[in-house]
Amino acid sequence: MPAGLRLLPGWLDREAQQALLGEIRAVVAAAPLFTPVMPRTGTPFSVRMTNCGPLGWVSDRAGYRYQPLHPVTGQPWPAMPQALLDLWRELAPDAPLPEACLVNFYGPKARMGLHQDKDEATFEVPVVSVSLGATALFRLGGRSRKDPTRSFRLASGDVLVLGGEARLAHHGIDRLLSGTSTLVRDDGRINLTLRRVTPG
DNA sequence: TAGTCACT
DNA sequence: ACAT
């Protein structure tokens with residue numbers, strides 16, 4: 001494993017997953033899911049997204065960016081659930097608090113191409129990723145897009161920390177495994193990505 | 001290259 | 001590999 005990568009299988013028990021899911025449903029009620037599109041081309045993503053916390057990640061024809069307001073409602077993003085702040089404190093005790101929690105909703109056919117999380121103004125702080133629902137085939141590469149990749153499963157309750165050398169590793173979701181979600185309806189998957197955006 | 005598509 |  002690359003230094004700075006931590007895969008924590010089953011970090012959240014079923015009860016914690018259900019509690020978190022409830023919090024996320026409340027976030028979605030206040031900040032409805034939207035379909036991001038690619039810069040320039042406008043090609044839609046197959047995942048739908050929303051955010052919570054002071055800043056949210058969005059993609060539209062103008063580009064990728066963090067912004068304080070929901071692109072459709074114009075309202076501020078809902079507050080970050082305390083459970084996520086607690087998780088962050090536990091896994092990144094020395095880091096400043098996260099400013100953004102990107103909530104990605106995957107249907108059974110949704111995918112996410114290889115990419116880097118590099119729209120933040122600092123890379124010194126780890127990214128913390130929480131999986132809920134269907135099991136996904138996750139692909140992890142290196143800092144260069146040409147670096148070799150490997151894939152492994154991310155199941156509900158797994159937590160992934162990308163820090164240090166792994167902070168700028170390319171990563172993506174190849175596909176979901178059908179029939180693996182007992183938490184989210186319709187074989188869905190939810191990924192929560194906690195990020196510090198500013199150096200703090 | 002956070003997208004798709006062709007081909008192996 | 002494409003094409004923004």
Side-chain angles (χ1 to χ4, degrees), chain A residues 2 4-5 7 24 27-28 31-72 77 80 84 98-123 125-154 158-163 165-177 184 187-198:
Chain A
L5 172 69
L7 172 56
I24 296 308
V27 165
V28 172
L33 294 169
F34 59 94
T35 300
V37 299
M38 289 289 284
R40 290 189 161 84
T41 62
T43 307
F45 288 41
S46 58
V47 301
R48 293 186 299 157
M49 351 181 120
T50 187
N51 291 269
C52 55
L55 291 172
W57 187 86
V58 300
S59 176
D60 59 21
R61 282 183 179 273
Y64 307 143
R65 65 190 173 278
Y66 285 93
Q67 61 180 45
L69 303 179
H70 190 289
V72 178
W77 305 104
M80 188 120 34
L84 291 176
E99 294 165 297
C101 173
L102 175 60
V103 179
N104 282 331
F105 269 73
Y106 292 77
K109 309 294 271 227
R111 300 175 290 114
M112 179 75 74
L114 260 197
H115 67 278
Q116 294 172 296
D117 290 13
K118 61 177 181 188
D119 300 312
E120 301 72 33
T122 176
F123 302 129
V125 179
V127 168
V128 174
S129 165
V130 179
S131 294
L132 296 173
T135 300
L137 286 181
F138 181 78
R139 184 162 296 277
L140 180 69
R143 188 182 284 256
S144 162
R145 205 176 200 266
K146 296 174 164 184
D147 288 341
T149 64
R150 67 199 171 100
S151 83
F152 49 90
R153 292 176 181 205
L154 289 180
D158 291 356
V159 174
L160 190 65
V161 181
L162 293 170
E165 308 270 304
R167 173 62 182 79
L168 287 170
H170 287 256
H171 57 280
I173 295 291
D174 288 346
R175 64 182 178 89
L176 304 190
L177 303 185
V184 180
D187 253 344
R189 173 175 187 266
I190 298 170
N191 181 73
L192 311 175
T193 309
L194 301 166
R195 305 187 186 108
R196 179 73 193 189
V197 179
T198 66

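All chains are named by letter (A, B, ...) in the order of the sequence lines, taking the proteins before the strands, and each is independently numbered beginning at 1.
- The side chain of A/Thr41 lies closest to C/dT4 when the candidates are B/dT4, B/dG3, C/dT4.
- Contact annotation for A/Asn191: no contact, since no heavy-atom pair falls under 4.0 Å across all strands.
- Side-chain proximity of A/Arg111 to the nucleotides B/dG3, C/dT4, B/dT4 is greatest for B/dT4.
- Without hydrogens or angle criteria, A/Ser59 side chain to A/Val37 main chain gives a donor-acceptor distance under 3.5 Å.
- For the residue pair A/Arg153 / A/Thr135, no side-chain donor-acceptor distance below 3.5 Å is found, with atom types taken as modelled.
- For the atom pair CG of A/Leu55 and CG of A/Leu102, the computed distance is 12.0 Å after rounding to the nearest 0.5 Å.
- Base pairing annotation: B/dT4 forms a Watson-Crick or G-U wobble pair with C/dA1, both donor-acceptor distances under 3.5 Å.
- Taking atom NE2 of A/His170 as the reference point, atom P of B/dG3 lies 13 Å away to the nearest angstrom.
- Protein atom CG of A/Asp60 is 15 Å distant from nucleotide atom P of B/dG3, rounded to whole Å.
- Separating the CD1 atom of A/Ile173 from the C1' atom of B/dG3 is a distance of 16 Å, rounded to the nearest angstrom.
- Across all strands, A/Arg61 comes closer than 4.0 Å to no nucleic acid atom at all (heavy-atom distances).
- Using a 4.0 Å heavy-atom distance criterion, A/Arg195 is classed as a base contact.
- Between A/Val47 and A/Ile173 there is no side-chain heavy-atom pair separated by less than 4.5 Å.
- The separation between A/Leu114 atom CG and B/dC5 atom P is 18 Å, rounded to whole Å.
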